[in-house]
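When reading the values below, keep in mind they use all heavy atoms of this one structure, side chains included, and skip hydrogens, waters and symmetry mates. Not measured: the values here are computed from a predicted model. All chains are named by letter (A, B, ...) in the order of the sequence lines, taking the proteins before the strands, and each is independently numbered beginning at 1.
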Number of protein chains: 2
Amino acid sequence: MSPLPAASHRVAVDVVVIALDDAGSATRGGGTAGSPGETTRATDTPVALAVRRPRPPFAGDWALPGTLVRDGEHLEAAALRVLAERAGLGPPRHLEQLATFGAPARDPRGRVVSVSYLALSPRPCGVAQRARWWPVAACPHLAFDHAEILTSAVERLRGKLSYSNVAYGLLPDTFTLSELQAVYEAVLDRSVDKRNFRKKVLSLGMLAEAPGQRRGPHRPAQLYRFTDTELVVIDDAITA
Amino acid sequence: MSPLPAASHRVAVDVVVIALDDAGSATRGGGTAGSPGETTRATDTPVALAVRRPRPPFAGDWALPGTLVRDGEHLEAAALRVLAERAGLGPPRHLEQLATFGAPARDPRGRVVSVSYLALSPRPCGVAQRARWWPVAACPHLAFDHAEILTSAVERLRGKLSYSNVAYGLLPDTFTLSELQAVYEAVLDRSVDKRNFRKKVLSLGMLAEAPGQRRGPHRPAQLYRFTDTELVVIDDAITA
DNA sequence: TCAAAAGTGTTACAGCTACACCCATGG
DNA sequence: CCATGGGTGTAGCTGTAACACTTTTGA
């Protein structure tokens with residue numbers, strides 16, 4: 001079995017980790033208000049994880065967490081390793097490949113082909129040194145072509161929300177319908193009609209009632225869970 | 001600017017070229033007949049380009065056309081080069097990245113990370129030596145993980161047909177509505193209602209009348225063309 | 001008793017599906 | 001004149017979008 005000819009490249013993975021922050025501190029576009037009580041706009045903000053580069057090139061700039069793929073290492077394993085090493089995160093609830101960026105000059109040090117991944121996490125949990133969650137809409141300039149990667153991640157997430165149960169990645173095991181709705185509103189950046197949303201999402205059969213209620217200074221809310229923990233594509237779009 | 005550490009890999013592109021063959025020679029599943037005259041089932045067959053491997057590993061087996069990416073070469077440029085060198089094809093009407101396959105053992109010679117592409121061509125035009133168009137449904141075993149790549153290509157195409165003008169890649173510059181419908185029927189592998197299809201596709205505004213008609217032993221058919229030659233995603237799905 | 005969020009139905013409209021016949025041409 | 005595909009309209013139905021008030025709790 002003859003060895004392959006010489007041409008070889010460095011291969012990296014870069015991971016876009018997206019979570020929802022309920023602080024509501026970020027720049028929100030002034031969405032249309034809607035009639036009172038009809039469409040309560042969520043305060044959740046999509047945030048993405050970035051790390052500050054300790055070395056040139058782009059030293060001091062923010063970048064997506066990434067790493068070179070090791071010999072014999074699966075691409076997905078490298079993505080998981082990045083999350084653990086660079087951000088102190090365990091395996092995310094959802095991880096999928098996005099696209100591969102391979103422009104010859106994307107890294108000034110030489111050719112690096114980067115396979116990008118999208119990871120979802122329910123909350124921006126505490127992360128390692130040098131790492132930070134940035135609101136996607138107010139993210140500083142990112143090194144390399146990472147701004148482009150982040151954009152494609154958000155577009156992918158937005159698209160998949162409409163025809164899959166990918167919201168699973170952004171929620172805890174059990175959640176209320178209002179919390180689910182808040183995920184949709186935050187990611188789609190628009191308000192959603194409560195009654196239509198509930199009708200639609202319950203009719204799809206991807207949710208089941210979970211025992212218990214969420215209590216607070218208001219009427220208790222029924223908890224739900226996703227029936228599938230893996231990504232399931234539905235043919236009937238969610239457009240409430 | 002410090003050079004990167006040593007870990008490096010071979011990077012390849014593998015291209016799934018899909019075209020429609022009007023021979024109708026292939027294995028077609030017996031689709032539902034439908035009422036007479038309502039749903040004339042197309043005889044077009046999706047075919048994919050494969051090349052016979054001249055050398056180990058998998059010598060003599062069929063495989064997708066592919067090549068190692070050269071130093072300084074864009075990934076897409078490598079895909080175009082494959083089409084030209086291995087199949088004698090010019091730039092296709094549509095080319096998009098599919099996914100990247102990087103399992104450590106996918107190539108027995110050693111680590112090769114493969115970026116796969118989907119290319120579309122109107123017809124299975126004559127190709128170089130060692131290359132052949134195979135009906136997708138009756139394709140022989142493919143080397144490496146190329147069967148998996150082919151499957152994901154067909155799924156991608158099927159999905160995109162419903163919400164984009166990607167059919168552009170499978171048609172000549174001008175075409176009749178029946179020819180367009182035949183593309184949908186061949187790729188989706190089901191029959192489509194003629195009247196509903198025309199209503200829908202014309203209402204989307206992605207087609208314009210072209211001068212001239214297609215003549216034959218029947219009433220002449222109006223020619224159309226796509227208004228955009230680049231991929232345009234529509235929000236309103238085609239489900240006639 | 002007040003504030004806050006949970007929960008719930010109906011109506012109008014748009015778009016989808018199903019369905020059959022006449023037309024224009026070439027042979 | 002016949003075979004072949006081109007071209008057209010309607011009616012029922014289904015799903016969507018718009019819309020406001022009552023309920024239950026904690027403070």
Worksheet item: Taking CG from A/Leu177 and C1' from C/dA5, how many angstroms apart are they, rounded to a whole number?
Response: 13 Å

Worksheet entry | Interatomic distance, A/Leu202 CG vs C/dT8 C1' [rounded to whole Å] | 12 Å

Please list, pair by pair, any protein nitrogen or oxygen found under 3.5 Å from a nitrogen or oxygen in nucleotides 9-15 of chain C.
from, atom 1, to, atom 2, distance (Å)
C/dT10, O4, A/Lys199, NZ, 2.9

Fill in: Sequence-distant partners of A/Arg81, salt bridge (charged side-chain N to carboxylate O under 4.0 Å, His left out), two or more places apart
A/Glu73, A/Glu85

Worksheet entry | Counterpart residues, ring pair (Phe, Tyr, Trp, His ring centres under 6.0 Å), relative to B/Phe175 (two or more places apart) | B/Phe226

Practice prompt. Using atom CG of A/Leu223 as one end and atom C1' of C/dA5 as the other, report the distance to the nearest whole Å.
Written response: 14 Å

Worksheet item: Taking only residues two or more places apart in sequence or in another chain, which ones pass side chain to side chain donor-acceptor pair (under 3.5 Å) with A/Ser114?
Response: A/Asp14

Worksheet item: Between C/dA18 atom C1' and B/Phe197 atom CZ, what is the distance in whole Å?
Response: 17 Å

Worksheet entry | A/Arg214: partners by side chain to side chain donor-acceptor pair (under 3.5 Å), with sequence neighbours left out | A/Glu179

Item to complete: Just jot down the side chain to side chain donor-acceptor pair (under 3.5 Å) partners of A/Asp61, sequence neighbours excluded, or say none.
Response: none

Item to complete: Measure the distance from CD on B/Glu209 to P on D/dG6 and round it to the nearest whole Å.
Response: 15 Å

Practice prompt. Mark yes or no for whether A/Thr100, through its side chain, and B/Val115, through its backbone, hold a donor-acceptor pair below 3.5 Å.
Written response: no

Worksheet, complete the sentence: In whole angstroms, the gap separating P of C/dG7 from CG of A/Leu207 amounts to 13 Å

Worksheet item: Does a nitrogen or oxygen in the side chain of A/Ser178 sit under 4.0 Å from OP1 or OP2 of C/dA6?
Response: yes

Item to complete: Output yes when a side-chain donor or acceptor of B/Glu185 lies under 3.5 Å from a complementary backbone atom of B/Leu180, and no otherwise.
Response: no

Discussion item. Among residues at least two apart in sequence or on other chains, which ones pass side chain to side chain donor-acceptor pair (under 3.5 Å) with A/Ser178?
Written reply: A/Arg198

Practice prompt. Round to a whole Å and report the spacing from CD of A/Gln213 to C1' of C/dA5.
Written response: 14 Å

Worksheet entry | Interatomic distance, B/Lys194 NZ vs C/dC22 P [rounded to whole Å] | 14 Å

Worksheet, complete the sentence: Numerically ordered, the residues 214-222 of chain A set in heavy-atom contact under 4.0 Å with DNA chain D is A/Arg215, A/Gly216, A/Pro217, A/His218, A/Arg219, A/Pro220

Worksheet item: Excluding sequence neighbours, so at least two apart, what forms salt bridge (charged side-chain N to carboxylate O under 4.0 Å, His left out) with A/Glu96?
Response: A/Arg156, A/Lys160

